[in-house]
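Just below is one structure, and these are the notes that go with it.
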Amino acid sequence: MVDRLAPDQAAKLFQECPKGLAQVLSRNQASAFHNAGSLDRVEAWLYSHLSGNASETPLEGDFYPPWAMCSDLNANHDQVQAHTRWWGSVGSLTLERDGVSFTPVEALHVTPAELDEFWALVWPLLQANGWQGVNQSESNLSNVLLQSDKPVPMQQASPWSVQNIRLTDYLPMSDECADWRRMWLKLQVELKQAAFNLKREAAGQPTLNCLWFWGGGAHMWQPQVQLPKLYSVSADGLYPATKMTHEGNQALNRLLFWKQVLSPFFDEEQQHTLPKSTLYCLDFHGWGASAKAFRVLESEVIQPMQIAGLGFEWILMGQQGWRSIQSNWLGRFKFWKNKPDWSAFGEPDVFQGPTEEDLQDAWEAGQREQQRIQSDFQ
């Protein structure tokens, strides 16, 4: 859409853009578009940021960050075998026509008593299959770090990146994962008949019928920067963000989720050794909507930073990924450049449908399967 707009049309559409952002779009070049691939775009950006390559290496392909393999600076990497440590997240799994939809517990109305009943049923089954909790905290029973002596070599997406996938794509079918697969299915059967879930179902609420395993990997990794300190910038003002809310900005809620999950990996010593970062998340609902949040951003964030001569980075988040653009003191010397490059707001049209080759391969595979079934029948 941005590419088709005439310059005057673009200027009219983006006239509410903060002066500081329009200025940086005039004097600095935005990065190439970073495609989040199969990941939630906020998760993809955060992993790149923590890995120290947020403005360099885009994430591509079916890549799931090994969040459970995150390590502090003093950890012995040899103590954790590949694919043996996973996050287990409580949630609701719904079978739909187009695939599986998983809703994390943060997006559901769940009482502490229901979480206690969930784990009272789940823990015996996990322990019987060789799983145990790692640094288990009573304050966070929604997401628990689990470890097993037996590796489970699979790739699993986080709760936020797992929407609308086929169940056959989720369940690993290899022999190495057979024991885990049986345990996972048994957990679902037991949870379906649990008393607290029958009550939720009778009340018309989604049931807590799944423990989602995700974040395992083959290698440990260390964050290169601290978890960002989060602020919300909205029409109501600028304030520290500490808690997820149903009314909260979607991106901010997801960042708060990751901060809650990853905080145990960052000890006090790391808070002094790793570079600090602060993230101001703008609560903006799209062009043409209220621009009051932009005015707060300009007066409370951009102008004080510019007066202090601080450099900062803009993250322009789209539907499938993001661009970044640096704002620094060098831009002040380009005072004659005042025409923003609105193309930075554009996002490549990522075609996600099957190609002709994919359709042909699928048809040939179907024919072979039909022949095999007919042969077996005869």
Side-chain angles (χ1 to χ4, degrees), residues 40 43 64 67-68 86-133 136-146 148 152 154-173 177-216 243-248 250 253-254 256-258 260-261:
D40 169 69
E43 176 183 356
Y64 300 136
W67 294 109
W86 299 84
W87 280 105
S89 291
V90 183
S92 179
L93 193 68
T94 306
L95 295 177
E96 299 176 348
R97 181 177 179 181
D98 296 331
V100 176
S101 178
F102 178 80
T103 305
V105 72
E106 287 80 8
L108 302 171
H109 179 67
V110 179
T111 66
E114 287 173 330
L115 274 179
D116 289 338
E117 291 183 64
F118 177 95
W119 285 107
L121 186 150
V122 167
W123 271 123
L125 289 172
L126 289 174
Q127 292 169 351
N129 285 271
W131 290 86
Q132 54 185 314
Q136 184 180 349
S137 172
E138 294 294 334
S139 62
N140 186 15
L141 292 179
S142 302
N143 308 282
V144 174
L145 192 60
L146 302 169
S148 171
V152 186
M154 60 182 181
Q155 283 269 341
Q156 302 300 345
S158 76
W160 299 115
S161 292
V162 79
Q163 303 301 321
N164 300 320
I165 64 170
R166 291 181 298 175
L167 185 61
T168 51
D169 289 341
Y170 172 69
L171 288 177
M173 305 308 293
C177 299
D179 291 340
W180 176 88
R181 189 166 59 247
R182 283 191 290 269
M183 179 197 72
W184 190 79
L185 291 172
K186 187 175 181 180
L187 281 173
Q188 282 199 288
V189 172
E190 294 292 332
L191 288 168
K192 182 176 178 61
Q193 302 301 324
F196 70 93
N197 269 333
L198 294 177
K199 292 179 182 178
R200 289 183 64 88
E201 191 172 15
Q205 297 178 320
T207 58
L208 304 182
N209 60 2
C210 178
L211 182 65
W212 199 266
F213 285 72
W214 58 278
K243 185 179 180 180
M244 287 181 283
T245 63
H246 290 288
E247 303 80 19
Q250 183 190 71
N253 274 342
R254 297 192 177 189
L256 285 166
F257 166 82
W258 290 113
Q260 180 188 62
V261 168

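Taking the centre of each ring, F257 and W160 come in below the 6.0 Å mark.
Looking at residues two or more places apart in sequence or on another chain, you find a side chain to side chain donor-acceptor pair (under 3.5 Å) between W67 and E43. In this structure E114 satisfies the salt bridge (Lys or Arg N to Asp or Glu O under 4.0 Å) test together with R200, sequence neighbours excluded. For F196, there are no ring-ring contact (aromatic ring centres under 6.0 Å, His included) partners, not counting sequence neighbours. Listed by chain and number, the residues in a side chain to side chain donor-acceptor pair (under 3.5 Å) with Q250 are R41 (sequence neighbours excluded). For R182, the side chain to side chain donor-acceptor pair (under 3.5 Å) partners at least two apart in sequence or on another chain are D179.
Between the side chain of N197 and the main chain of Q193, no donor-acceptor pair closer than 3.5 Å is present.
Checking W86, F102, W87 one by one against W212, the ring pair (Phe, Tyr, Trp, His ring centres under 6.0 Å) holds for a single residue, F102.
Rounding to the nearest 0.5 Å places CD of E190 at 12.5 Å from CE of M183.
Shown here for L145 and A68, the closest heavy-atom pair between the two residues is CD1-CB, 3.9 Å. Nearest heavy atom pair, residue V261 against residue W214, reads CG1-CH2, 4.3 Å. Annotation for A157 and Y64: closest pair CB-CE2, 3.5 Å, computed over non-hydrogen atoms.
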Using a 3.5 Å cut-off and no angle test, enumerate the donor-acceptor pairs between side-chain atoms of residues 202-210 and protein atoms at least two apart in sequence or in another chain.
| from | atom 1 | to | atom 2 | distance (Å) |
| --- | --- | --- | --- | --- |
| N209 | OD1 | L93 | N | 2.6 |
| N209 | ND2 | L93 | O | 2.9 |

